[in-house]
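These notes concern the structure reproduced below.
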Amino acid sequence: MRLNISAWSIRNPVSPIVLFAVLTLLGTLSFIRLPVTKFPNIDVPLVVVTVTQSGAAPSELESQVTKVVEDAVANITGVKHVRSTLTDGSSVTAIEFRLEINADRAQNDVKDAIANIRADLPRTVDEPIIQKIDVEAQSILSYAASSPGMTLEQLSWHVDDVIKRELLGLKGVGRVERNGGVSREVRIMLDPNQLLALNITAADVNRQVRATNTDLGSGRGEIGGQEQAIRILAGARGVEQLADTRIVIPGGREVRLRDLGRVIDDATEPRAFARLDGNPIVSIAIFRAKGASELAVGEVVEKRIAELQKARPDVVLTKIDDAVSFTRGNYVAGMETLLEGAALAVLVVWLFLRDWRATLITAIALPLSAIPTFWAMSLMGFSLNLVSLLGITLVTGILVDDAIVEIENIVRHMQMGKSPYRAALEAADEIGLAVIAITFTIVAIFAPVSFMAGVAGQYFRQFGLTVAVAVLFSLLVARLITPMMAAYFMRPVKEQEHGTGAIMRFYTGLLAFTLRWRYLTLLAGIAVFVVSIVAASKMPSSFIPDDDTSRVVVALELPPGETLADTRETGDRITGILKKIPEVSTVFVLGGVTPVGVRDIRQATMIVRLVPKTERKRSQKQMKAV
């Protein structure tokens with residue numbers, strides 16, 4: 001005995017109504033909570049090992065550090081590529097694993113491998129830094145902090161102590177980085193003549209200062225019947241106190257540290273800089289936490305920045321880079337396209353059916369299919385991004401296909417003189433297998449896209465599954481809601497012959513012609529197929545089509561041996577040239593850092609902001625070639 005779910009829905013309308021009321025509620029709540037991002041969150045297992053040795057040349061690091069590290073990580077399970085970058089005093093080795101390897105496991109395996117060869121590295125190298133790289137971890141907002149009444153040291157301290165602390169406490173903010181400015185440093189400048197006269201070396205002074213200026217835990221003790229921790233507080237609380245530190249010299253004598261040189265409260269030597277249109281600034285880059293919504297994070301950050309600006313008017317915070325506006329524009333455009341597509345689909349249905357009741361029943365299938373899809377996306381950990389919104393927009397017209405097939409067959413049965421109730425029962429049973437076949441054909445086409453290998457598979461996983469889930473919900477609507485509504489909402493019509501309109505007569509005539517000249521029709525189909533293949537082979541290909549974000553990133557690299565001042569001068573010179581281009585709005589130069597985050601004083605990252613695309617004639621792609 002065959003189970004007719006549509007007949008059950010017609011005879012028991014309350015259950016399907018309650019089911020889709022709950023699904024619609026869950027979908028609505030999920031849509032409100034879904035994070036909005038530019039691209040899907042992808043997880044590429046990429047681990048970077050950074051080893052620094054002050055003053056070491058690249059040739060020395062290559063033989064003593066880099067080759068040792070590469071040999072240690074090469075045999076780890078799942079390693080795909082190993083690449084190393086050498087600069088003065090720094091060796092950076094990037095280990096890329098196969099996509100099926102868990103990123104956390106890859107990081108732990110690299111840590112174990114480096115720990116095993118730590119004793120083989122030179123004693124003078126700093127402790128290796130092993131970190132997992134998030135390829136999607138790009139800053140979503142950047143601000144420039146400036147204050148005429150503050151020194152660079154004071155402004156840097158204000159950014160670190162006030163602004164960063166405030167922003168890090170916001171929901172969805174992953175990290176906040178300060179670029180440019182300086183960090184505080186207490187510097188001891190020893191007098192060589194004094195050291196020679198007192199027969200003591202700088203290493204001896206350094207060792208004694210380290211040993212006598214530290215706070216240590218020293219166990220526990222019982223005082224008054226209570227247990228308390230014991231600590232030794234020997235760290236200097238100020239520059240003057242540090243200068244009064246007693247230094248033991250040969251012969252059992254002691255001198256003050258101030259007698260051996262000067263102790264000054266100063267700033268570190270700058271190894272990076274930030275400049276906006278040629279003017280020095282301190283920049284603040286805000287990164288969202290993994291899985292957080294860019295729009296939500298951007299909103300709370302902008303609100304808190306406005307509050308900080310109001311509290312300290314003397315510190316001017318200017319937005320210099322904004323990736324949130326592009327994401328917001330894509331999201332708004334996607335929602336508008338979704339609504340426009342739904343409206344056009346309903347209009348086309350009405351033009352063919354010419355019955356407002358049948359059109360309304362078909363139109364209801366759109367929200368009842370699309371809204372629960374957001375609930376499924378939330379369960380699968382998806383976000384509203386370029387790829388998932390593309391899937392929702394593409395499937396808009398497909399969602400009404402099943403409902404159209406159902407309602408059209410019901411109308412045909414009604415034109416035979418049957419009541420809406422009887423027509424819905426018989427037509428839904430008659431067309432059920434065809435509707436199921438249509439739906440699962442679409443699922444069979446789009447679902448495999450989600451399981452492609454490589455990075456492309458991670459990007460399009462959300463696309464294929466979103467389309468598949470949406471059409472499955474549309475099948476559920478077509479089998480439960482559409483026949484049930486037709487049975488109770490449609491009105492009887494006069495008995496008439498079905499399919500006698502002008503469009504149907506044209507179609508049947510065209511069909512008769514193709515059947516009469518079937519060989520010619522087959523040849524025409526083959527010709528179209530061949531032409532399509534040839535045309536596709538000549539089309540340009542790329543992973544992601546060129547977009548226009550009004551933002552161009554330029555990597556600047558100077559020859560080996562150049563100083564940070566040379567990098568700053570070159571950046572200012574290029575900035576002056578770029579500012580003469582009418583389409584260029586601002587030029588932000590981050591010196592000492594490459595676009596991928598590698599620290600090198602002879603390299604810089606330039607972010608060129610263009611005026612909005614509606615205010616310029618040349619596209620972003622054309623501007624890149626200027």
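All residue numbers in this chain count up from 1 along the given sequence.
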| remark: Taken to the nearest 0.5 Å, the spacing of Leu590 CG from Leu276 CG works out to 12.0 Å
| request: Give, for atom CZ of Arg568 and atom CD1 of Ile601, the distance between the pair rounded to the nearest 0.5 Å. | output: 10.5 Å
| task | Examine distances only and state if a side-chain atom of Ser388 and a backbone atom of Phe463 form a donor-acceptor pair shorter than 3.5 Å. | result | no
| request: Could you tell me which non-hydrogen atom of Ala113 sits nearest to which non-hydrogen atom of Ile76, and how far apart they are? | output: CB-CD1, 3.9 Å
| query | Where do Phe273 and Leu564 land on the side chain to side chain contact (heavy atoms under 4.5 Å, CB included) test, with the steps shown first? | reply | CA-CA 8 Å; Phe273 63 86; Leu564 188 66; 3.7 Å; yes
| Any idea which heavy atoms bring Gly334 and Thr393 closest together, and the distance? | O-OG1, 4.0 Å
| said: For Ile284 versus Ala145, what's the shortest heavy-atom pair and its separation? | reply: CD1-CB, 4.3 Å
| query | With a 4.5 Å heavy-atom cut-off, do Trp157 and Met150 have their side chains touching? | reply | no
| query | Is the closest side-chain donor-acceptor distance between Ser91 and Thr66 under 3.5 Å? | reply | yes
| Any donor and acceptor pair, going by atom type alone, linking the side chain of Gln309 with main-chain N or O of Leu317 inside 3.5 Å? | yes
| query | Can you tell me how far CG of Asp321 sits from OH of Tyr143, rounded to the nearest 0.5 angstrom? | reply | 11.0 Å
| request: State, without any angle test, whether Ser139 and Glu177 hold a side-chain donor-acceptor pair at a distance under 3.5 Å. | output: no
| request: Would you kindly say whether Arg616 and Ser550 are connected by a side-chain donor-acceptor distance under 3.5 Å? | output: yes
| Salt-bridge criterion met for Asp277 and Lys579 (N-O under 4.0 Å) | yes
| Derivation of the side chain to side chain contact (heavy atoms under 4.5 Å, CB included) call for Asp104 and Lys132 | CA-CA 8 Å; Asp104 293 329; Lys132 179 178 63 177; 2.6 Å; yes
| query | Do Gln462 and Asn385 get their side chains close enough for a donor-acceptor pair, meaning under 3.5 Å? | reply | yes
| Residue pair Ala202 / Leu195: nearest heavy atoms and the distance that separates them | N-CD1, 4.1 Å
| remark: The reported gap from CG in Leu578 to CZ in Arg573 (rounded to nearest 0.5 angstrom) is 12.0 Å
| field | Minimum heavy-atom distance between Ser84 and Thr93, given as atom pair plus value | value | OG-OG1, 3.1 Å
| query | If we ignore angles and hydrogens, is there a donor and acceptor under 3.5 Å between the side chains of Thr37 and Glu294? | reply | no
| task | Return yes if a side-chain donor-acceptor contact under 3.5 Å exists between Ser283 and Ser142, otherwise no. | result | no
| task | Test side-chain hydrogen bond (donor to acceptor under 3.5 Å, both in side chains) on Asn330 and Thr327 and set out the steps. | result | CA-CA 5 Å; Asn330 287 331; Thr327 303; 5.6 Å; no
| Thr52 and Asp126: side chain donor to acceptor below 3.5 Å | yes
| message | So, taking the atom named CG in Leu389 and the one named OG1 in Thr337, what distance separates them when rounded to the nearest 0.5 Å? | response | 9.0 Å
| request: Using distance alone, with no hydrogens and no angle criterion, decide if Asp204 and Thr201 have a side-chain donor and acceptor under 3.5 Å apart. | output: yes
| Who are the side chain to side chain donor-acceptor pair (under 3.5 Å) partners of Asp572, not counting sequence neighbours? | Arg275
| request: Using a cut-off of 6.0 Å, state whether more than 12 heavy atoms not belonging to Arg262 lie near its atom CZ. | output: no
| How close do Val125 and Arg118 get, heavy atom to heavy atom, and via which atoms? | O-NH2, 3.7 Å
| request: Return yes when atom CD of Glu299 has more than 12 non-hydrogen atoms of other residues, nucleotides or ligands closer than 6.0 Å, and no otherwise. | output: no
Show me the donor-acceptor pairs within less than 3.5 Å that the side chains of residues 161-173 make with the rest of the protein, sequence neighbours left out.
from, atom 1, to, atom 2, distance (Å)
Asp161, OD1, Arg165, NE, 3.2
Arg165, NE, Asp161, O, 3.2
Glu166, OE1, Arg304, NH1, 3.0

| request: Check whether any side-chain N or O of Glu557 sits under 3.5 Å from a backbone N or O of Arg602 as a donor-acceptor pair, and report yes or no. | output: no
| task | Take Leu384 and Phe31 through the side chain to side chain contact (heavy atoms under 4.5 Å, CB included) test and state the conclusion after the steps. | result | CA-CA 9 Å; Leu384 295 174; Phe31 174 76; 3.8 Å; yes
| said: Is any side-chain heavy atom of Val48 closer than 4.5 Å to one of Ile95? | reply: no
| said: If I take atom OG1 from residue Thr586 and atom CD1 from residue Ile320, how far apart are they, to the nearest 0.5 angstrom? | reply: 7.5 Å
| said: I'd like to know if Lys617 pairs up with Glu583 as an ion pair, taking the criterion as any Lys NZ or Arg NE/NH1/NH2 lying under 4.0 Å from an Asp or Glu carboxylate oxygen. | reply: no
| field | Verdict with reasoning, Val608 to Arg551, per side chain to side chain contact (heavy atoms under 4.5 Å, CB included) | value | CA-CA 6 Å; Val608 183; Arg551 180 178 183 267; over 6 Å; no
